[in-house]
Structures are given as C-alpha cells and as structure tokens.
Engineer: 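Structure provided below as structure tokens; questions to follow.
Atoms within a ligand are numbered from 1 in the order they appear, just like the ligands themselves.
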Amino acid sequence: MVGMWIIGYGLLIFKPPPHTAFRVSGYLKGFLRRFWQSLLDHRGTPEAPGRVVTLLTLQDLQSHSRFHGDLHMYELRGHETETEEHVEDHLLKNDACITDTTRRISQLAPDDLRVWGVAYYVPAEHVDEVKAYLDVREQDGYSTHTVPFHVLNYPTTSEAAAVLDTIPRTENGDYYIESVIYIGTIENESFVGPESIEHTADTIRRSAGPSGPNSEYLRQLAIAVRTLDQSGRSRDYYLEDLMALVDGK
Ligand code: BEZ
C-alpha cells in the first residue's frame, strides 16, 4: 500500500487529521469557498444551525444564475496581491465589478478561481485509520471527490523531499497532487447557498455548539488561510470581510 494525500480547505487547515507526516500548502483551481453549508452539531444546534465552508465548482457557478447575484466578486478582480487594503475600500471596488457580472462569470476560467488550502501526507500504515476518522464527515452532507491541488509551499525535510519526488509537476514546475477532498455539493440537503454575506455573518454570530462558537471556527480559518503563504497570495477577502461583519466592523 502507498501513502495518501488529504486535501483541506476548511477545518482541516487548522485541525489536522491524526498521523500526518507533513503538510504542504497551495491552491485548488476552479473552485469557490463559501460558508454555505449548514451545521447542526459542533458549531450549531438543530434549533440554530451554524455555518461551515464548502466548495462550489466553476461549473456550478456558470450554470446556475442564482449564484451570480450575490457573489461578492472577490474572485473577478484578477490575481493582484493587495496587502493593506481596508474592507470598505475593498467593497467599493467590488461595486464597480458587479455591473457586468454575468458576462464575466461566463468567461471565467479555472485559473480565475483559486482556493488556498493544504494537503497532508498520510503514510501507508495509517491510511485506513485516517480514512475512517475523516469519513465521519460524510454524515454532515459532505462527500469525497478527487481534485487537483497545486503545491506552492512545502517543507524542506528529507522525508518531504522523498515523497514530493514521486509526484508530477506542472509545466511551470509546481508539484501537483490529485487526491481526496470533502465537499458538500450544491445538491446536498445541508447546502444553504446562495446566501448574502450579511445573513451568513448574522447566523455565525448567533451560533454555537459543543465545539464552541461558530465565530471561532471562522476566525481560526481566516487566520490560518492568511498564514498559508508568506508573500500574501493566500489572503481570502471573502473570509476576511465575513469576519469583519461578524465582529461588527
Ligand atoms: C476541510 O477541507 O477542511 C473539510 C471541509 C469539510 C469537511 C471535511 C473537511
């Protein structure tokens, strides 16, 4: 048996599964991360469900106009790196982009939608145990999918080098993994999108469950995503704006 990569874009970024040997960071192409999965336990209750992240595919976005209207256009602004921008400036810029939303969405390519996350390497002897640990998530409406992941940051240990040596590279030399990820698809019954960022913020602010306040999950995720890349490429303005709204800023 060989080892396995587990790709994470949500909880897994700040709460690694057991028995991982090391992790790399990078991005998925052609996906959008949104807090549009309802959660009855952990960070919410059946009476007041919380919100956790899931991914929408580019195809979901292009073929369902209901997702166009309240998109915040974080992804349609190109890939320039902004470092010191305030939330309000940012939203103002978005207003200008929203005018030709539909045309721009139809023209989006996978490379326009990047979701930063992590991939953990699980050595062969722990694969079954880790799979069993993660498959509990399927009960919350998530299902497993195989997706490509572009590795941009990795440890320079000999253990990591030995594993990375066995995986393919893209044309520009980036390591490239295809492996398992958990997604609550738009068909699963806990999917609540589209939902305005204000409504999501309000729900997160009010929700808590046995694992703690829903806002803590958001905060840990936003901070963890921001720190995935030292040159600022991993900043996710949707997460940061959501956090600012939850904090009442
Ligand atoms: C994650 O990638 O962090 C993740 C998201 C939803 C369910 C399980 C894992």
Engineer: Tell me, which protein residue and heavy-atom name are nearest atom 9 (C) of ligand 1, and how many Å apart are they?
Structural biologist: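 The answer is Arg137 NH1, 3.3 Å.
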Engineer: Under 4.0 Å between a side-chain nitrogen and a carboxylate oxygen: does that hold for Arg219 and Asp247?
Structural biologist: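 Yes.
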Engineer: Are Arg169 and Tyr175 close enough that a side-chain donor and a side-chain acceptor fall under 3.5 Å?
Structural biologist: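 Yes, Tyr175 and Arg169 have a side-chain donor paired with an acceptor closer than 3.5 Å.
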Engineer: Please identify which atoms of ligand 1 are closer than 4.0 Å to at least one heavy atom of Tyr182.
Structural biologist: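 So the answer, numbered in order with elements, is 7 (C), 8 (C).
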Engineer: Which ligand 1 atoms does Gly10 reach within 4.0 Å, using its non-hydrogen atoms?
Structural biologist: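 Contacts of ligand 1 toward Gly10, numbered from 1: 1 (C), 2 (O), 3 (O).
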Engineer: Has ligand 1 got any nitrogen or oxygen that is less than 3.5 angstrom from a nitrogen or oxygen of Val53?
Structural biologist: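 Val53 vs ligand 1: no N/O contact under 3.5 Å.
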Engineer: Identify whether NZ of Lys or CZ of Arg in Arg34 sits under 6.0 Å from the centre of the six-membered ring of Tyr238 and within 45° of that ring's axis.
Structural biologist: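 Ring-cation test returns yes.
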Engineer: Identify, by atom number and element, the atoms of ligand 1 in contact range of Tyr142, meaning under 4.0 Å from any of its heavy atoms.
Structural biologist: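 Ligand 1 atoms under the 4.0 Å threshold to Tyr142: 6 (C), 7 (C).
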Engineer: Verify whether one side chain among Thr185 and Asn188 offers a donor that lies under 3.5 Å from an acceptor in the other.
Structural biologist: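 Checked: Thr185/Asn188 side chains show no N/O donor-acceptor pair below 3.5 Å.
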Engineer: How are the rings of His126 and His19 set to each other: parallel, tilted or perpendicular (split at 30° and 60°)?
Structural biologist: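 Correct class here is parallel.
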Engineer: Which of the numbered atoms in ligand 1 are under 4.0 angstrom from any heavy atom belonging to Tyr9?
Structural biologist: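 It comes down to these atoms of ligand 1: 1 (C), 2 (O), 3 (O), 5 (C), 6 (C).
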Engineer: Assess Arg114 against Tyr27: is NZ or CZ under 6.0 Å from the centre of the six-membered ring, and within 45 degrees of the ring's axis?
Structural biologist: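 Verdict for Tyr27: a cation-pi partner in Arg114.
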Engineer: Backbone or side chain, does any N or O of Ile181 fall under 3.5 Å from an N or O of ligand 1?
Structural biologist: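 N/O-N/O distance below 3.5 Å does not exist for this pair.
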